[in-house]
Amino acid sequence: MKTAIVLLLALLYPLAVHANNAEPQDPQRHYKESLFKVTDNGLFGVELIAKGGKFKVGANTVDIIIHDKDDKDVAGAKLAVTPLMPSLGHRVFEEPAIMERGGGIYSVSNINLIKGGHWELKIQVKKNSLEDSATFDLGDITGHNTETMTAMPLPSDLDLSTTRLSGHKVFKVSFTSKLDPIVINRMHEWQLKVETPDGQPVSGAEITIDGGMPQHGHGLPTEPAVTRELGEGLYLVGGIRFSMPGWWVLNFHIKADGKEDTVTFNLLLK
């Protein structure tokens, strides 16, 4: 009798193991009103709920709910949230603010859709060694962001010169673009010349660069940088690209010989 019971348990044991190790449940939608996607490599489920039920031009706030591939809440994840306008090769560089609320829910504010048009929202999720992303198609967002579009009107006397004195007249700076005329969505280089106000070349300068579109409230789509000092006050600047027509500014922050100042160049691109 004892032998028969042992044989029966041996036969049933594999079935018990199989039942306890069933295939994990895929991430599921938990909220009827959410936008839902599984990340590109299937590691997470991401739900997106916009405050007010829809996205609009201007600042948006959303709740993002993250589940793992077993459909369990993901706490303590690191998120990156990036609004994208694919038709212009264009992204917003103002960082949204992210706050974890618990239970796999993250509130994200300051998602700034700067103008009407077709938008996407890319959500990158990192939890320990796992990292994956999902991109949501938000469709056509209509309207005008009067806050950003009218706060900085185009100056009637906009200075478009390619040679300028820096703000406190410490340096005289000029640029020559290797792309002439400058057009949108083309990576190119500038040659920057840095001199003293009386025309003496400035060598060994530390130069950092930023800028953007004052009327739209966003930064540059790339990170331009000095790639080489050419001598005689000349510096080669690479990684310049403009992603849409309009008024752009480039700021060059220059340190040399114990002095520091900034020069700003304006461009109007068609």
Side-chain angles (χ1 to χ4, degrees), residues 55-61 81-97 109-121 141-177 179-192 194 207-226 235 237-255 260-270:
F55 287 88
K56 65 183 186 300
V57 171
N60 293 266
T61 298
V81 180
T82 308
L84 306 159
M85 206 170 199
S87 63
L88 297 176
H90 181 91
R91 57 165 284 186
V92 172
F93 282 80
E94 190 174 359
E95 289 290 333
S109 58
N110 200 34
I111 298 176
N112 192 13
L113 307 184
I114 59 177
K115 60 182 291 187
H118 194 112
W119 284 92
E120 295 178 350
L121 193 66
I141 308 299
T142 59
H144 299 284
N145 186 353
T146 55
E147 225 175 83
T148 59
M149 295 299 289
T150 62
M152 178 77 71
L154 184 69
S156 58
D157 58 347
L158 190 65
D159 187 349
L160 299 175
S161 61
T162 59
T163 299
R164 302 194 68 180
L165 285 174
S166 56
H168 297 290
K169 300 182 179 180
V170 175
F171 305 108
K172 182 172 73 172
V173 185
S174 59
F175 77 86
T176 304
S177 172
L179 180 64
D180 187 17
I182 299 173
V183 296
I184 63 171
N185 285 325
R186 286 277 301 277
M187 195 75 80
H188 62 285
E189 295 177 314
W190 284 12
Q191 186 171 282
L192 198 71
V194 183
I207 303 173
T208 57
I209 304 156
D210 59 36
M213 297 192 83
Q215 292 178 298
H216 291 192
H218 65 78
L220 299 170
T222 59
E223 297 181 353
V226 172
Y235 300 81
V237 180
I240 299 173
R241 179 172 67 84
F242 303 102
S243 55
M244 63 186 294
W247 172 27
W248 290 87
V249 299
L250 252 67
N251 305 309
F252 293 86
H253 310 283
I254 304 169
K255 295 180 183 179
E260 184 175 349
D261 208 353
T262 298
V263 63
T264 297
F265 292 105
N266 297 292
L267 299 96
L268 276 179
L269 302 183
K270 297 180 180 180

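Numbering of residues begins at 1 and proceeds along the displayed sequence.
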Practice task
Mark yes or no for whether His118, through its side chain, and Ile141, through its backbone, hold a donor-acceptor pair below 3.5 Å.
Solution key: no
Completion exercise
For Phe55, the ring pair (Phe, Tyr, Trp, His ring centres under 6.0 Å) test, sequence neighbours excluded, returns none
Handout entry: side-chain contact (heavy atoms from CB on, under 4.5 Å) between Leu267 and Leu160, intermediate numbers included
Key = CA-CA 6 Å; Leu267 299 96; Leu160 299 175; 5.6 Å; no
Exercise for the section: Please tell me if the side chains of Val173 and Thr163 come closer than 4.5 Å, counting only heavy atoms from C-beta onward. Expected result: no
Problem - Partners passing side chain to side chain contact (heavy atoms under 4.5 Å, CB included) against Gln191 (at least two apart in sequence or in another chain) - result: Leu230, Leu234
Exercise for the section: May I ask you to test the Trp247-Leu158 pair for a side-chain heavy-atom distance under 4.5 Å? Expected result: yes
Handout entry: Pairs involving residues 156-171, ordered by first then second residue, that meet salt bridge (charged side-chain N to carboxylate O under 4.0 Å, His left out) (sequence neighbours left out)
Key = Asp159-Arg164
Practice task
Go through the steps for Tyr235 and Phe175 under the test side-chain contact (heavy atoms from CB on, under 4.5 Å), then give the verdict.
Solution key: CA-CA 9 Å; Tyr235 300 81; Phe175 77 86; over 6 Å; no
Practice task
May I ask you to test the Phe265-Trp248 pair for a side-chain heavy-atom distance under 4.5 Å?
Solution key: no
Handout entry: Shortest non-hydrogen contact between Met213 and Gly246, atoms and distance
Key = CE-CA, 3.8 Å
Practice task
Looking only at non-hydrogen atoms, find the nearest pair between Arg241 and Thr222 and report the distance.
Solution key: N-OG1, 3.6 Å
Problem - Results of side-chain hydrogen bond (donor to acceptor under 3.5 Å, both in side chains) for Ser174 - residues two or more places apart only - result: none
Problem - Closest approach of Leu220 to Gly212 (non-hydrogen atoms, all atoms of both residues) - result: CD2-N, 3.7 Å
Fill in the blank from the handout: Contacts of Thr262 meeting side-chain hydrogen bond (donor to acceptor under 3.5 Å, both in side chains) (sequence neighbours excluded), chain-then-number -> His253
Exercise for the section: Specify the closest pair of heavy atoms between Asn251 and Gly211, including all atoms of both residues, with the distance to one decimal. Expected result: ND2-CA, 3.9 Å
Practice task
For residues Thr264 and Leu250, determine if any side-chain heavy atom of one lies less than 4.5 Å from a side-chain heavy atom of the other.
Solution key: no
Handout entry: With sequence neighbours excluded, residues passing side chain to side chain contact (heavy atoms under 4.5 Å, CB included) with Val170
Key = Ser166, His168, Lys259, Asp261
Problem - Contacts of Asp180 that satisfy salt bridge (charged side-chain N to carboxylate O under 4.0 Å, His left out) - sequence neighbours left out - result: none
Exercise for the section: Could you check if a side-chain atom of Thr176 sits within less than 4.5 angstrom of a side-chain atom of Thr162, using non-hydrogen atoms only? Expected result: no
Problem - Under the side chain to side chain contact (heavy atoms under 4.5 Å, CB included) test, residues paired with Thr61 that sit two or more places apart - result: Lys51, Ser109
Exercise for the section: Can you see which heavy atom on Trp119 is nearest to which on Leu84, and at what distance? Expected result: CE3-O, 3.1 Å
Exercise for the section: Could you pull out the closest heavy-atom pair between Ile111 and Leu121, with the gap in Å? Expected result: CG2-CD1, 4.0 Å
Handout entry: Contacts of Lys255 that satisfy side chain to side chain contact (heavy atoms under 4.5 Å, CB included) - sequence neighbours left out
Key = Glu206, Glu260
